[in-house]
Engineer: 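Please see the structure below; I have some questions.
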Amino acid sequence: MSRAEAHGAYRRESHSRLLRQVYAYVGIPEVAERALSDAFDAAARHWRKVEHSPDRDAWVRERAFAATARARNQSRKPWYVNAKSTADEHRRLLATLSVLRPADRKLVILSHLAGLDVAAAGREVGMTDDAARTSLAVSTQQLAAAGVDVTDAGLADAFASLRSDLAEDPPDAGTASRLRRQGERRRRSRLLLAGIPFLALVIAVAAAVAAAVTALRTPADTREGRATTPSLPAVAPKTSLPVSERVHKSALAGAADVATLDRSRPWTVESTSSDFGHDASLDACLATAPSERRIAHHWVRQFSSGRGDNPVRATQSLQVAQSSRSADAAYSRLVSDFTTCGPGGRQVSRFGALTGVGDGGTVLTLRYAADELRQEHVAIVHTGAVVMAWIVRPTARHDVSPDRLGTLAARSTDAVCTDAAGGCSTSGYHVVAQAPPPADRTNGFLETVDLPVFAGVPQPWVATAPKTIDHNPAATECDRADFASGGARTVRSRSFVIPTAHGLPSIFGMSETIGTFPSVRDARGFMVDVSGAVANCADRRLPLTVSRSDTLTIEGGHGWVWRIELAASKRRSVDFRVGLLRVDTTVAQVTFTPAQDFDVTKRGYLWLTKRAAERLAQL
């Protein structure tokens with residue numbers, strides 16, 4: 001039998017049992033398969049040595065365990081897609097193994113899956129017999145505390161059943177021709193090195209120096225590549241299960257809970273995913289779901305209310321992180337995804353902090369254009385190691401109160417907060433309105449998610465980068481707002497357009513200019529001058545009419561909103577909506593040039609001007 005044939009026969013014979021051992025070590029089928037394949041390829045290159053090794057499995061296993069970190073980074077599939085390959089009944093065992101130290105985890109696998117006695121398993125891991133026995137005892141206690149059957153038969157069945165998560169057939173073990181090509185490449189490499197003796201000498205000397213430095217820095221009991229594990233104290237593990245094992249799919253809300261949103265029509269459960277079983281994105285604003293890499297579980301349940309093809313829909317997402325820190329990261333990612341909305345075309349028309357619920361929450365409303373103007377209400381809460389999101393999509397004829405969404409978020413948080421080791425809700429929970437967190441670092445300017453949306457225009461707004469300017473593009477002939485001449489030290493501006501929309505006139509768009517003045521007095525004086533210029537438009541006999549003027553109350557300042565009409569001809573006029581506002585020493589002017597069929601209401605522009613003030617306050 002040739003060398004390639006002998007290696008291939010061993011690979012086919014050992015693949016299944018070694019794959020289960022590597023899978024138990026790393027917990028991801030694709031990563032286990034890749035790491036084991038790398039180890040088998042290494043065995044092929046060194047087959048003359050491996051073939052006569054007293055324990056081939058140990059040689060391959062050691063390299064496969066070491067290759068799992070690299071294989072994890074090279075995984076082709078998203079992590080949450082790989083997670084779906086794991087059967088629910090295996091998650092408890094794999095999750096508990098994953099929190100053990102690598103040496104302890106190897107010892108459990110070698111003892112209960114590879115069938116080695118304690119002494120042989122300890123030698124392979126690099127432990128003394130006493131250290132190996134102590135390690136196994138503590139690891140067994142941790143498995144038992146997690147609810148794993150730790151009897152010999154129970155562990156044998158649990159490890160044996162892992163095969164159902166894995167591919168039955170081994171991958172191509174390679175051919176003799178491939179091995180010959182690898183051998184030719186290595187021989188060519190040796191000839192090349194032989195032709196450069198001086199370089200080889202330098203490399204050898206450097207290696208000797210590195211080995212000497214390593215020997216000085218490495219304890220004597222680890223120099224032979226065998227790390228020893230000190231005897232562990234016989235300390236009982238935590239008696240309570242980790243959050244990832246305490247929170248189950250049963251924590252999802254039921255139809256009776258969702259009826260909190262609207263009791264006029266019955267609610268039904270449309271679907272409930274398996275763990276990591278929801279493939280589609282929960283929302284157009286979300287790039288992926290779940291929202292963070294270190295998530296242990298993820299379930300999605302969908303509800304509907306009403307008859308016909310267009311019912312009110314609600315979706316609950318429940319993510320269980322591996323720690324409260326991971327949950328915080330997942331929560332922040334969700335809030336960021338919704339308030340920036342990568343695909344665009346959405347306006348964050350309502351945003352607020354949900355206080356008194358869990359460890360923190362956010363409630364927001366998004367408006368967007370489809371066949372008609374639509375909206376969706378979102379609540380995101382984190383408590384302990386759990387992150388929960390509610391997405392409610394009402395219909396044009398049947399809306400849902402966003403305030404009731406806060407109540408639903410509080411009740412569903414209470415159903416999981418104890419097991420999640422986090423905060424529950426209080427009787428005084430409420431929503432504190434505020435501006436969404438800044439997304440594009442534009443220092444106080446409006447952002448595209450602040451701007452209005454229009455039926456028939458699903459395309460998103462596009463913003464230019466803020467830049468220092470001399471001429472104010474937001475000024476009209478009526479207000480004549482010249483920030484630089486008015487004493488502003490810095491004047492910057494940005495513009496907003498919808499370049500891909502069809503049917504919009506070229507004048508459609510919005511501009512915002514921000515100027516910072518030396519003092520509050522100077523800023524107030526500039527505001528008075530501009531207001532006076534608007535009031536005197538008619539006296540200057542300009543073809544301009546100020547049809548509306550409204551005062552805006554702002555924390556730390558004040559503002560005005562005008563609608564100015566320019567008579568371009570006897571039959572045609574152009575409208576401008578102008579907002580001027582001050583926050584402390586900073587003044588902003590927002591000017592919108594609408595189209596006939598694409599305009600906002602008076603109330604809508606007052607809202608936009610107030611949002612501009614909230615953005616200024618974020619400076």
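The figures that follow rest on heavy atoms only: side chains count, while hydrogens, waters and symmetry mates do not.
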Engineer: Please evaluate residues Trp390 and Val381 with respect to the criterion side-chain contact (heavy atoms from CB on, under 4.5 Å), reporting the C-alpha separation (whole Å), side-chain torsions for both, the decisive distance (0.1 Å), and the verdict.
Structural biologist: CA-CA 9 Å; Trp390 279 99; Val381 178; over 6 Å; no
Engineer: Starting at CZ of Arg350, measure out to CZ of Arg367 and round the result to the nearest 0.5 Å.
Structural biologist: 14.0 Å
Engineer: Are Glu376 and Arg393 within salt-bridge range, i.e. N to O under 4.0 Å?
Structural biologist: yes
Engineer: Mind running side-chain contact (heavy atoms from CB on, under 4.5 Å) on Thr315 and Phe303 for me, showing each step along the way?
Structural biologist: CA-CA 6 Å; Thr315 301; Phe303 306 84; over 6 Å; no
Engineer: Are Phe592 and Leu608 close enough, and set up right, to give a side-chain contact (heavy atoms from CB on, under 4.5 Å), and what steps lead you there?
Structural biologist: CA-CA 10 Å; Phe592 175 42; Leu608 181 65; 5.7 Å; no
Engineer: Output the distance between atom OG1 (Thr272) and atom CG (Leu318), rounded to the nearest 0.5 Å.
Structural biologist: 11.5 Å
Engineer: Is it the case that the side chain of Ser98 and the backbone of Ala95 share a donor-acceptor pair, with hydrogens and angles ignored and the cut-off at 3.5 Å?
Structural biologist: yes
Engineer: Do the side chain of Gln316 and the main chain of Ala253 share a donor and acceptor less than 3.5 angstrom apart?
Structural biologist: yes
Engineer: Between Asp337 and Leu286 (side chain of the first, backbone of the second, donor and acceptor by atom type, cut-off under 3.5 Å), is there such a pair?
Structural biologist: no
Engineer: Just by modelled atom types, is the Ala474 backbone N or O under 3.5 Å from a matching donor or acceptor in the Thr591 side chain?
Structural biologist: yes
Engineer: Taking all atoms of both residues into account, what is the closest heavy-atom pair of Val348 and Thr339, and its distance?
Structural biologist: CG2-CA, 4.2 Å
Engineer: Working to the nearest 0.5 Å, report the span between OG of Ser139 and CZ of Arg101.
Structural biologist: 8.5 Å
Engineer: Please give me the minimum heavy-atom distance between Leu364 and Phe338, naming the atom from each residue.
Structural biologist: CD1-CB, 3.9 Å
Engineer: Run the numbers on Gln302 and Ser271 for side chain to side chain donor-acceptor pair (under 3.5 Å), then give the verdict.
Structural biologist: CA-CA 5 Å; Gln302 296 178 309; Ser271 64; 3.0 Å; yes
Engineer: Among His298, His248, His297, which residue satisfies the side-chain hydrogen bond (donor to acceptor under 3.5 Å, both in side chains) criterion with Asp275?
Structural biologist: His297
Engineer: Ignoring hydrogens, what is the shortest heavy-atom contact between Thr586 and Ile514? Give both atom names and the distance.
Structural biologist: CG2-CG2, 3.4 Å
Engineer: When you measure from the side chain of Ser317 to the backbone of Ala389, do you find a donor-acceptor pair of N or O atoms at a distance under 3.5 Å?
Structural biologist: no
Engineer: Assess whether side chain to side chain donor-acceptor pair (under 3.5 Å) is satisfied between Ser164 and Ser161, documenting all intermediate values.
Structural biologist: CA-CA 6 Å; Ser164 64; Ser161 68; 5.8 Å; no
Engineer: Just verifying a value: how many Å separate Ile28 CD1 and Asp165 CG, rounded to the nearest 0.5 Å?
Structural biologist: 12.0 Å
Engineer: Evaluate the ring planes of His112 and Phe159, with Trp represented by its six-membered ring, and classify them as parallel (under 30°), tilted (30 to 60°) or perpendicular (over 60°).
Structural biologist: parallel
Engineer: So which atom in Gly556 and which in Arg582 form the shortest heavy-atom distance, rounded to 0.1 Å?
Structural biologist: O-NH1, 3.6 Å
Engineer: Of all heavy-atom pairs between Leu93 and Ala158, which one has the smallest distance, and what is that distance?
Structural biologist: CD2-CB, 4.0 Å
Engineer: To the nearest 0.5 angstrom, please state how far the CG atom of Leu19 sits from the CD atom of Glu33.
Structural biologist: 5.5 Å
Engineer: Determine whether a donor-acceptor pair (N or O, by modelled atom type, separation under 3.5 Å) exists between the side chain of Asp414 and the backbone of Ser425.
Structural biologist: yes
Engineer: Do Thr395 side-chain atoms and His398 backbone N/O form a donor-acceptor pair below 3.5 Å?
Structural biologist: yes
Engineer: Start with the C-alpha distance between Thr86 and Phe276, add both sets of side-chain angles, then the distance that settles side-chain contact (heavy atoms from CB on, under 4.5 Å), and finish with yes or no.
Structural biologist: CA-CA 10 Å; Thr86 302; Phe276 294 102; over 6 Å; no
Engineer: Aromatic rings Phe508 and Phe598: how do their planes relate, parallel, tilted or perpendicular, breaks at 30° and 60°?
Structural biologist: perpendicular
Engineer: Between Tyr429 and Gly406, which heavy-atom pair has the shortest distance, and what is it?
Structural biologist: CE1-O, 4.0 Å
